[in-house]
Every structure is written in C-alpha cells, then in structure tokens.
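Right, one structure below, let's go through it.
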Amino acid sequence: MFDNDFIALLPEMFLINATILLLIYGVVYSTVHKVFEPLVRNVAWLGFSSILITLILLRGSPLTTANLCYNNLIIDNFTYFFKVGLLLSTACIILMSLQYFQQEALTAFESIVLMLMSTCSMLLMISAYDLIAMYLAIELQSLSFYVIAASKRNSEFSTEAGLKYFILGAFSSGILLFGCSMIYGFTGVTNLEELAKIFTAPYVLRPLSDSVMLNSADASWSGVFMGILFIAVGFLFKITAVPFHMWAPDVYEGSPTYVTAFFSIAPKIAIFANMLRVFIYSFYDPTWQQLFVFCSIASMVLGAFAALSQNKVKRLLAYSSIGHVGYLLIGFSCGTIEGIQSLLIGLFIYVLMTINIFAIVLALRKNRFKYISDLGALAKTNPILAITISITMFSYAGIPPLAGFCSKFYLFFAALGCGAYLLAFIGILTSVISCFYYIRFVKIMYFDTPKTWILYKPMDREKSILLGITLLGITFFFLNPSPLFLVTHQMALSLCI
Amino acid sequence: LPKRQSGVTFRKACELAFKRSIPPFFEPLGAKPFFLKNKEYVSMLQNINPFYSSLSLSALILFPLLGGLFVSFITESKIRTIRIVGLCTSFITFLYSLFFWLEFDNSTPKFQFVETIQWLPYSNINFVLGLDGISLFFVILTTFLVPICLLVGWSSIQKSKKEYIIAFLVLESLMIAVFCMLDLLLFYVFFESVLIPMFIIIGVWGSRQRKIQAAYQFFLYTLFGSLFMLLAILLIFFQTGTTDLQILLTTEFSERRQILLWIAFFASFAVKVPMVPVHIWLPEAHVEAPTAGSVILAGILLKLGTYGFLRFSIPMFPEATLYFTPFIYTLSVIAIIYTSLTTIRQIDLKKIIAYSSVAHMNFVTIGMFSLNMQGIEGSILLMLSHGLVSSALFLCVGALYDRHKTRLVRYYGGLAQTMPIFSVIFLFFTLANMSLPGTSSFIGEFLILVGAFQRNTLIATLAALGMILGAAYSLWLYNRVVFGNFQPNFINKFSDLNRREVFIFLPFILGVIWMGVYPEVFLESMHTSVSNLIQHGKFY
C-alpha cells in the first residue's frame, strides 16, 4: 500500500526535496561568494526547471485515480488538471520575475524558495481529502505567503503588506481551524468522504449509513452548520471575496509586483480546487449556497464600483481580481456540473489574462509603472505592447470574440441553468460598469494626448515569449474552445461522481 | 433573365477552366483516384476550387481579415503600398460578394450557401453561415462601403495610417460575419465584437476632445443593451439546447416567455436602431467619428438593429411581435417627429444628418412592424437606400470639413459659386434624403407608408408628416449652405471636389438612381424570403 503512495506522490516529494536542496544551495553559495545578484537568477532558473521536472513526473505518473496515505489525499482527473495548471502558472511567474530581480537588485533568493515551498503546499492542498490534511497544507502555504509579501525589506509598503497579511491571515486560519474542529466535534469525522456520506445520508442513504444521522431539527445540525459557515469564511477570506476582502488591495499594492502576480494567480487556483472538493463534494447541501450567492453579488458589485476611482495599476488590478472572484463564485454557487465547469473555464481564462497583464506590468519600467496615466505615450513608443494591453483589457471586460467573453458567457449560462436569475442579472450590470475602467486603459493609451513621455526599457526574452503565448491564447481562444470545455467537463465529472 | 444567365455562364466558364487545368494534376490516368469515393472526390475538388460547386461565405469573411493581416506586416513607411493592398483587398471582397448575388436563387426562401463549421460540438453550438433574401443585400452594402471608406481616408487621415486600413478591414469581416451568421450565440459574438474596432475608430481618428465621451457613450450604450440579449440567448439555449436559427425557427415558445425574450432582444436592437429614449449616443458618435467612421456607422451599424429585428425578433417571437407592435409604432412615430423637429434647429452639419438618420431608421421600424409584404420590403429597401444616401451625405460633409475645417452651418454660405460640382452632388443627395420620386428613398418610404396604412391609418399619417418635416430640414440646410451670400471667413483658397472624390460619389449616385428607377432587381430577391417570413409568423 505504501509503495503506491510513493509512486503517486513522487511529484510532490520531488518538489519538496528540490526546494530544500535549493535552499541549501543558496545558503552555501551566498556565504562562499559575496556576489548575490546572479544567485537569485540562478536559483530562479533552477526553481523553474524543478517545476518543469515536477510537471513531467506528474505527467508520467502511472496512477490516475487513487486514495493515498490512509485516505488523507486523493488523486484523480480533477486534481491532475488542477496541478498541471498550478505548476504551469507558477513556472510562468518565475519566468516573468527573472528580470525584476536584476533591475531591483533584489538579493533575496529565499523568495524563490518560498514560492516553491508554497507551490508544494498548494499541490497538497489540491489533493487534500481530509480536513486536517487540508488545514496543514493551507497553513504552510499561508506562512510562505506572509514572508514573501514582506520580502522587499527596504520598502515600507512591502513590510506593511506582509504584516497586514499575516495578522488577518492568521485570524482567518484560526476561524477555518475552528470550523474544522466544530465539524469534528459534532460528527466525529474529518475525512471528506465520510463527511460526504453523512451529509447525503438523510437524503439518499438513510438505511445504509452507520454513522451519525443528521437532520435539520437536530441540535447537532446547527453545530455542523456553524462549522461549515466558519470553514466557508476562512476560504472566502483566502480568495478575497467581498466581505472579507479588506486586506487584498493593500497587500497587492504593497508586495513586490511578481509577488502580487503570484498572489493573484496561484492561491486562487489551489483554493478553488479545495473549496470545490470540500463544499461540492462533501458538504453538498443547499444551505450554504445563499452565503456564496451573497458573496458573489457583493464581490461583483464592489469590484465594479471600487475600481472606478483607482489610479494605481496594482490597486486597480486587485479590485478587478475581486470582481472576477465574484464572477467565479457565480459558478460555484450554482453547484451543478455546468456551474463547476463554468468556474473551471473562468478560472483558466482569468489566469491566462492575469499572467498577461502582470507580465506587462513587470515589463514596463523605467523608474516605475505605478499609475495608469504612466501609460500615456505607450501607443507611440511601443505600439505592439499597447495593442497587447488593449486586447487584454477588452478581454477582461468580456467583449467578444476574446477569451474573457467565453468565460462570462458560460458562467451566465450556468447561472440561468440553475435558476439563479438574480446572479446573472447583476453579473450583466456589473460587467457593463466594470467595462468603464477596463477601457480606460485604451482611452489613456490611444485617445488622450500624453502629458508625460516615459520611455520604458525593453523587456527580456522570457517575458516577451510569455506575452506572445498568452496573447495568442486570449485572442484565438474563440476559434477552438472545445478542448478546454472537454477537459473541464471531465474534471467536473470526476469531482461529482 | 439576363442576370442569372451571366452568373451561370461565368460559373460554367470557371468550371471548364478548372476541369481543364486541375484534374490532370490529380488524375494522371484521366480518372478519379481509385481510393476516393465519388463524394469525397467532389468535396476535395470543392476545397481546391471555390467555384467548383458553390461560393464560400467563410472565404468572404476571411478574405478581408487575411488582407488586414498581410497589411500589418508591411512597414508604416510604405504607406502607398499599404493603401493599395487594403483597397484591392476590399475591392476584391466587393466583387466576390457580387457573385453571391449572381448565384442567388430567388425562388427559394431557404438559406443559401449554407456552411457549417464545428465550434463547440459538445454544447451543440456551431458556426452556421448562410444568406437569404433579407441578408444578401446587407452583405453587399457592407463590402461596397468599405472600399469607399478606405478611399475617403486616402489623404485626410494623417496619423496611424496603417492601423486605419487594418481597422476597417477587420471591421469589414466582422460585419459580414454578423450578416451571415445563422447561429444565435455567434451572431451575438460578432454583433458585439464590432464594438472594438468602431470604438477605436471613433477614439483614435475622431476630431475633437469630445470624441472620448462619444466613444464611451457608443460603447457602453450598446454593451448595456446587448448584454440583455446575451441573457435571452442563454435562456433560449438552456430551454431548447441549440442556438441554430434554422432549428429555433421551428420552436414555439410560450407567449409569456416570448414577451420576456422579445424585450431582452429589443433592449439590444433598440439601442442600435436607435429608438427614441436611447438614441443619444448616435449624434454624439456621428459628430465625433471621422468621415469614414460616420459612413460605416450610418451605413451598416444602424442596420444591425433593424436587421436583428427582422432576422430574430419577428420570426422567432411572432406573438410577442404582434403584442408589441403598438409600442414600436408609438416609439417610432415619436422618434420621427421629435428628431425631425430637432434636426431643424441643429447647427452642426453632421448632427443634422445624424438626426435625420434617426428619423429614417424609425421609418424603417414602422415598415417592418406593419408585418406585410409592402411594409417589410419597403423597410429593407429603405435601409439599403439610407445606407447609400446618408453615407453619401456624410461624405459631402467630410469633403466640406476637409476644406473649411468646420462643421458649423453658420460659417458656410454661397458654396454654389466656389464649389459648383459639389453643389450639384449635394443637391442630388439632399433630394434623395427627402425622398424625391425617382430616388431610392422614395420607393422605400412609399412602400412603408402603403404597408403601414393597411395596419393603422393614423400611424401612416403621422409618419407621412415626418416626410414633410424631412423636406423642410433638408431644403433649409441646402439653402443655408449652398445659396446665400458668399462667406470667405478666414479662408483664402477654395477648391471644388477633386477627381478622387467625384469617383467616390459616382457609384452612390448610380446606386440611388438604379434603386429608384428599377427597384424590382432588388425586390425580386426579397419576395420569397419576406413572404416566407410573413407566412411563418402567421401575420396575414
């Protein structure tokens, strides 16, 4: 039995070992030589290649479906594709941050190690099948995040971001753990499969279930419900859904830009995977749906209105990501197979667009690219980049035929399919409003006469390749969307059946 | 019928040439390869030679796009080459689209040249392209206007010349796709994606600082309306499991559902027409857009709304259409009278033409919702005619603006002395705009009034009032601009139209007269489709 576990967990184990080796390498190298700058790049390239190797190991794994480590972890199609997505996006972020280290003269090779560490924990998070395993994975990921948020030691903003993230994040982790313990206290199990049995028992498996019977009149039911509520709050905090979003703009703005990119992509993938597993698979029940409906509406509305008055790019992107989380939660709160599928499609496209826009934000630097108005002369100085930004922004706004439209169309379709007309209606209204700030980028670049002429340094090859690939993906996704639809359908099926 | 015959002979000639040239290449022994079945062989031949059996709509859509792609690889400094390539591309597209007219079979109401390309086979959404008597002329109008737009910008566009050509070519293929698309969801996709190039055209090549507001208004008004249509389309998709129009036409929705869906579609199309409460974006966008942008806006984008009514709302929701007919009549009559009166007191040349466009387009909606042969055919004809006349009027204004750098009427006067050729052409189109008999607008408006009179005499009377007001503002505008005292404000040099501009106007004049004198050429292609539409909705 344990042999199979080794085989199935080989990618994760490789990544953990590689991370530790990289840490040792970095420590040894930095004490032997006093030249730090190439070390960061060196570690980054090594980290990049170890992620690629993990990907190959994942691809070559002979097991496709298994429950591992005494049912604490699971692998199936759902986790496989999520892991691939996570590893690819982490690789992209490492690629785009290479030049940043050089330009900022940032010496902290630890941040790459921490990124790899959090990637490991996110891999475990995706395949977590037990509340304890889930909590441990989330905790490791969060701890790494607090440190890399504050990794730019000479910047007040970065320190502030790290501190804010730490205090609020620890608080939310506490709530999450409290929720888990309540569930354990009232049902006696932590395994998700057992929980699924308990939750479906009153409806389906009444004679078969041998564990605790739950019904809504029971006293223990309200305890379990509170537990679910706490877990939901913990998760919603981590994905920056609205009533729990307060930390996001500050943390996104304060952290170094590549860390912001990492924060707005990788944890979203992992936590959505985990949330789907926990809520759709084990706590399948209509009671929590209203909570997510509310959060979805609130996120969409706040994402649309709060971003209207933002002048700083990273803050605007933070609010835009809050809005997109709202759209993704539409799919989540449907709870149907179409809903899950639409969430996965939306997530994929969101990641594609976010990688693109953050690569641009990282590429545009002379001294800074902080305010949107700094883009003023870009259409004259760098027309191709300007076109890239406008296409990405139109895609964010959901204008067909770009990729962003496909995600919105399917999300609204799922919402209509399960009768959530209010969600679809508000989604429509907010996407018109949010259009306003997305096309402001286009307006500033093309229509306004620029006040300042900023000449940006040319970007490096890695970023330009990345930009090219994501731009092609966004523009021509429309021509052949069916592979993604098939893959996500497979994932949704393997989660639900 | 000489028209059909010429098409057939051309096709035969092509086939003959093809059979003589290509087969030896594939068939060294003079017979088809043994491993291919006959059907496969034919489809292979079709792939090699588009003339072999039928014309390809997807080629028509792709051609301008490929031209645009090709142009984007030429450096900006070779601007003359870029312009010639762009012009040739759009001109060849125009010629190619004429072949669809030649090959068009008037005797069937079915969709012709139908092509199906798989897009999301799993969700049952596919590219379905096809033309019928309703959409045929809009495609030709589109391909006709784009080369004109490129010619207009030949020397007056000073910045981002290459992007100008690319924007118009991309816009062209998107617009052709809208008119050919027989899939509801993909219709929406192309209907919306027209926004992006148009937004950029208004914003980048517009004239004043107010253009930003205009571009925003254009974008957000249209988006706001059409997102409701998206919801309706998704609802239809959810209910029926398909978005293929040909299947949906055989579906009957319950009356309540029809009303709901009709309202959602109306929200989108009414903005595009534009109907009265949501027409504000149009004068703004027209005034701020460059001349060619106005031409496309008036010539084609406004027709998207009325085309949508005709293609989707009326046949798919016939009961809701009857239910809402009085509503449309009321809105349209209000729009006709209100905008005609507004036009009289405008002082900006482009705004005058923009408001008169609103009046004419609301004439079209009255004709369309009279739901009989005369009304609907008249409305299609008036759309085509308006596409020619108002585009030509915008070109006239553009010609004046290039010379005088103002659009305010009070700075003009006595142009008859300095610009005689222009005055004649402007007179012709002014008369066409007020629908003088012998011009295309007359046929359209006459048919519409005939159709509307059968439904509702009061509406027909009030709409006819709009024609009188139209004559008032058109003639008064002409009077103020061309006659009167000569006003040499700050300008020392005067020039009449040059050869390029006269050649631009020439096809418009020919088209207007042709449509006005012998409209049967156009109407005969519509008869079957329109009567099928009426039969289908049981409107008789």
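Computed from a predicted structure; not experimentally measured. Worth knowing before you read on, the calculation uses all heavy atoms, side chains too, and leaves out hydrogens, waters and symmetry mates. Every chain is numbered from 1, with letters handed out A, B, ... down the list of sequences.
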- Task: Could you label the plane-to-plane angle of the Phe447(A) and Phe199(B) rings as parallel, tilted or perpendicular, counting under 30° as parallel and over 60° as perpendicular?
- Result: tilted

- Query: For Phe412(A), is it the side chain, the backbone, both, or neither that has a heavy atom closer than 4.5 Å to a heavy atom of chain B?
  - Reply: both

- If every non-hydrogen atom of Ser193(B) is compared with every non-hydrogen atom of Pro400(A), which pair is closest and at what distance? CB-O, 3.0 Å

Quick one: side chains of residues 391-398 of chain A, donor-acceptor pairs under 3.5 Å with protein atoms, not counting sequence neighbours, listed by atom name and distance.
| from | atom 1 | to | atom 2 | distance (Å) |
| --- | --- | --- | --- | --- |
| Thr392(A) | OG1 | Asn356(A) | OD1 | 3.1 |
| Thr392(A) | OG1 | Thr388(A) | O | 2.8 |
| Ser395(A) | OG | Gly404(A) | N | 3.1 |
| Tyr396(A) | OH | Thr354(A) | OG1 | 3.2 |

- Does a side-chain heavy-atom distance below 4.5 Å link Leu235(B) with Tyr421(A)? yes

- Item | Other residues, nucleotides, ligands: >12 heavy atoms within 6.0 Å of Phe478(A) CZ | yes

- Looking only at heavy atoms, which two atoms of Val432(A) and Leu223(B) are closest? And how far apart? CA-CD2, 4.1 Å

- Message: Tell me whether Ile384(A) at atom CD1 has more than 12 heavy atoms from other residues, nucleotides or ligands lying less than 6.0 Å away.
- Response: no

- Heavy atoms of other groups near Lys380(A) NZ, more than 12 under 6.0 Å: yes

- Looking at side-chain heavy atoms only, is the closest gap between Leu402(A) and Ile196(B) below 4.5 Å? yes

- Note on the structure: Among residues 171-192 of chain B, residues within the sub-4.5 Å heavy-atom range of chain A, in order of number, are Leu185(B), Leu186(B), Tyr188(B), Val189(B), Phe190(B), Glu192(B)

- Residues passing the salt bridge (charged side-chain N to carboxylate O under 4.0 Å, His left out) test with Lys405(B), sequence neighbours excluded, are none

- Message: When you measure from the side chain of Trp119(B) to the backbone of Pro481(A), do you find a donor-acceptor pair of N or O atoms at a distance under 3.5 Å?
- Response: no

- Item | side-chain contact (heavy atoms from CB on, under 4.5 Å) evaluation trace for Phe224(B) with Ile433(A) | CA-CA 9 Å; Phe224(B) 185 70; Ile433(A) 296 165; over 6 Å; no

- Item | Neighbours of chain B found in residues 326-343 of chain A - heavy atoms under 4.5 Å | Gln341(A)

- Parallel, tilted or perpendicular: rings of Phe238(B) and Phe413(A) (30°, 60°): perpendicular

